[in-house]
Amino acid sequence: MASSILSGADNFKLLSGISPSGSPFLGSELNLKCLPQKGFVNFRATRTLRPTKCSLSASRPASQPRFIQHKKEAFWFYRFLSIVYDHVINPGHWTEDMRDEALEPAELHTRNLQVVDVGGGTGFTTLGIVKHVDAKNVTIIDQSPHQLAKARQKEPLKECKILEGDAEDLPFPTDTFDRYISAGSIEYWPDPQRGIKEAYRVLTIGGVACVIGPVYPTFWLSRFFADVWMLFPKEEEYIEWFKKAGFTQVKLKRIGPKWYRGVRRHGLIMGCSVTGVKPYAGESPLQLGPKVEDVSKPVNPFVFLMRFLLGIMAASYYVLVPIYMWLKDQIVPKGQPI
């Protein structure tokens, strides 16, 4: 499967850092389009990291939530999607091979690790976790009781702790878990930076956070539907969120369905696995203001319904994309770009 591990985005300026070969450099501009498809770029020993404007496209900022990015809309979206999630959505966007590849950077090397799966949903990602960690040491948390009901039905997850909760306000003490995993959840967080900050807080010193999520498309029609549906972060946004929260050794690994042949222009529901290490005990050094979304406030039913329906229409486009890419993979001879 085509994948690459890189640390960052399509355009970053580093005033001081480490080159891919390990040699220091100064005053260089790093553009990942010039790098090979596979390899590492680590931001160790960087003293100044200044993200620049992405040249690929102008997406809606994360401060303007998409139609299925509010918690209440996501709740009802998954109320219906949970019925077919494992059988319709996962085969096109989140296969077992992709899952296992995305979890590799999380370093699940010991069975007695304490792991939390945030936004664990139906437990599909958790099934990959319990291959390496005892189920009794794994906690699944999600805001959707309908998704969690599916997780409870899976025999390998019977010993897992399963809780309802909010990724931006986790109900755990500081310095609790050795690993934090979140797959297919960040796109529904009204405030992604707050969720990453919470990941830092609940990890023990030296713990690893692994966030797996979508990547922003470059094709114009896919960009339109992405901005209507949910949050599709750019790669540099993931890196920025992790570094602002206080994580070190931040890396990003590209993933995707094998029949895409590495194509990323349409965006991917599961397009990258981002990891970082917590260097110090305690809470994140990042200070944030009040939460972006107050779920206790009343919602205009008409506005809610319109946003919900428009979001579902946009989501339908991304049900068709993997089918379209699969057909192209069948028709176009191997070795040729699609």
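- Just one residue in the list Q147, H146, Q153 forms a side-chain contact (heavy atoms from CB on, under 4.5 Å) with T122, and that residue is Q147.
- Between the side chain of S284 and the backbone N or O of L286 there is at least one donor-acceptor pair closer than 3.5 Å.
- Y318 contributes a side-chain N or O that, together with a main-chain N or O of H266, makes up a donor-acceptor pair within less than 3.5 Å.
- A cation-pi contact links R99 to F124, judged by a cut-off of 6.0 Å to the six-membered ring centre and 45° from its axis.
- Looking at every heavy atom in both residues, V215 comes nearest to C272 through CG1-SG, 3.8 Å.
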Inset, instruction - Using the side-chain contact (heavy atoms from CB on, under 4.5 Å) rule, take L163 and I140 through it: C-alpha gap first, then chi angles, then the decisive distance, then the call. - result: CA-CA 6 Å; L163 307 170; I140 308 172; over 6 Å; no

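- K251 places no side-chain N or O within donor-acceptor distance of the main-chain N or O of S273, the cut-off being under 3.5 Å.
- Distance alone, capped at 3.5 Å, places no donor-acceptor pair between the R201 side chain and the G282 backbone.
- Grouping the Ile, Leu, Val, Met, Phe, Trp and Tyr side chains by contacts below 4.5 angstrom, directly or via other members, places I129 with I255.
- Summarising the geometry of A245 relative to Y200, their closest heavy-atom pair is O-CD1, 3.5 Å, with the distance given to 0.1 Å.
- A pairwise comparison of heavy atoms in G256 and L268 identifies CA-CD1, 4.3 Å as the closest pair.
- The shortest distance between side-chain heavy atoms of D117 and I141 does not fall below 4.5 Å.
- No donor-acceptor contact under 3.5 angstrom links the side chains of D175 and T204, judged on distance only.
- Here CE of M325 is found 12.5 Å from CD1 of I323. Values are rounded to the nearest 0.5 Å.
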Inset, instruction - Could you walk me through whether Y317 and Y324 pass the ring-ring contact (aromatic ring centres under 6.0 Å, His included) test, one step at a time? - result: CA-CA 10 Å; Y317 172 84; Y324 166 73; 9.2 Å; no

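- Put simply, the side chain of Y238 does not reach to within 4.5 Å of the side chain of P192, judged on heavy atoms.
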Inset, instruction - Could you give me the CA-CA distance, side-chain angles and deciding distance for E235 and R254, then say whether salt bridge (charged side-chain N to carboxylate O under 4.0 Å, His left out) is met? - result: CA-CA 9 Å; E235 291 177 347; R254 286 180 171 178; 2.8 Å; yes

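- Taking a cutoff of 4.0 Å between a charged side-chain nitrogen and a carboxylate oxygen, E240 and K234 do not qualify as a salt bridge.
- Of the N and O atoms on the side chains of D227 and Y216, at least one donor lies less than 3.5 Å from an acceptor on the other residue.
- Contact check for C160 versus T126: side-chain heavy atoms found under the 4.5 Å cut-off.
- No side-chain heavy atom of P217 sits less than 4.5 Å from a side-chain heavy atom of F224.
- Between the side chain of K278 and the backbone N or O of I205 there is no donor-acceptor pair closer than 3.5 Å.
- Scanning both residues, G213 and I186, for their nearest heavy atoms gives CA-CG2, 4.4 Å.
- In this structure, the side chain of R265 does not engage the main chain of W220 through any donor-acceptor pair within 3.5 Å.
- At distances below 3.5 Å, not a single donor-acceptor pair connects side-chain atoms of S185 with backbone N or O atoms of S182.
- Annotation: the span from K197 atom NZ to Q287 atom CD amounts to 6.0 Å, rounded to 0.5 Å.
- Grouping the Ile, Leu, Val, Met, Phe, Trp and Tyr side chains by contacts below 4.5 angstrom, directly or via other members, places V118 apart from V277.
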Inset, instruction - Take F242 and T275 through the test side-chain contact (heavy atoms from CB on, under 4.5 Å) and record every step on the way to the result. - result: CA-CA 8 Å; F242 267 71; T275 52; 5.6 Å; no

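- In this structure, CD1 on I162 lies 10.5 Å from CG on D142, to the nearest 0.5 angstrom.
- A donor and an acceptor atom, one from each side chain of Q114 and D178, are nowhere located under 3.5 Å apart.
- One hydrophobic cluster holds both I269 and Y260 under the rule that ILVMFWY side chains link at heavy-atom gaps under 4.5 Å.
- Salt-bridge formation is not detected for the pair D169/R194: no Lys NZ or Arg NE/NH1/NH2 atom is positioned less than 4.0 Å from an Asp or Glu carboxylate oxygen.
- Contact record, L170 with E198: N-OE2, 2.7 Å, taken as the closest heavy-atom pair.
- At a threshold of 4.5 Å between non-hydrogen side-chain atoms, the residues D166 and Q143 do not count as touching.
- Residues F232 and S222 fail the side-chain proximity criterion, which asks for heavy atoms closer than 4.5 Å.
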Inset, instruction - Take L148 and E164, measure what side-chain contact (heavy atoms from CB on, under 4.5 Å) needs, and give me the verdict at the end. - result: CA-CA 8 Å; L148 292 177; E164 289 183 38; 3.7 Å; yes

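- For the residue pair T125 and L103, the shortest heavy atom distance occurs at O-CD1, 4.1 Å.
- Grouping the Ile, Leu, Val, Met, Phe, Trp and Tyr side chains by contacts below 4.5 angstrom, directly or via other members, places W94 apart from L320.
- Remark: the backbone N or O of T218 is not paired with any side-chain donor or acceptor of R264 at under 3.5 angstrom.
- Here F219 and F225 keep their ring centres 6.0 angstrom or further from each other.
- Here the side chains of K334 and R261 are in contact, with some heavy-atom distance below 4.5 Å.
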Inset, instruction - Dump the intermediate steps for salt bridge (charged side-chain N to carboxylate O under 4.0 Å, His left out) on D100 and K131, then the final yes or no. - result: CA-CA 10 Å; D100 295 343; K131 288 182 178 181; 3.1 Å; yes

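- In this structure a side-chain-to-backbone donor-acceptor pair under 3.5 Å is present from K328 to I338.
- Around the NZ atom of K158, the shell of radius 6.0 Å holds more than 12 heavy atoms that belong to other residues, nucleotides or ligands.
- A donor-acceptor distance shorter than 3.5 angstrom exists from the side chain of W259 to the backbone of P322, with no hydrogens or angles considered.
- By the 4.5 Å heavy-atom criterion applied to side chains, L127 and K154 are counted as neighbours.
- Two different hydrophobic clusters hold L288 and V211 under the rule that ILVMFWY side chains link at heavy-atom gaps under 4.5 Å.
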Inset, instruction - Step by step, work out the side-chain contact (heavy atoms from CB on, under 4.5 Å) result for H109 and H132. - result: CA-CA 7 Å; H109 300 324; H132 310 283; over 6 Å; no

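- How far NZ of K243 is from OG1 of T248: 8.0 Å, rounded to the nearest 0.5 Å.
- Salt-bridge check for E104 with K253: passed, with a basic side-chain N closer than 4.0 Å to an acidic carboxylate O.
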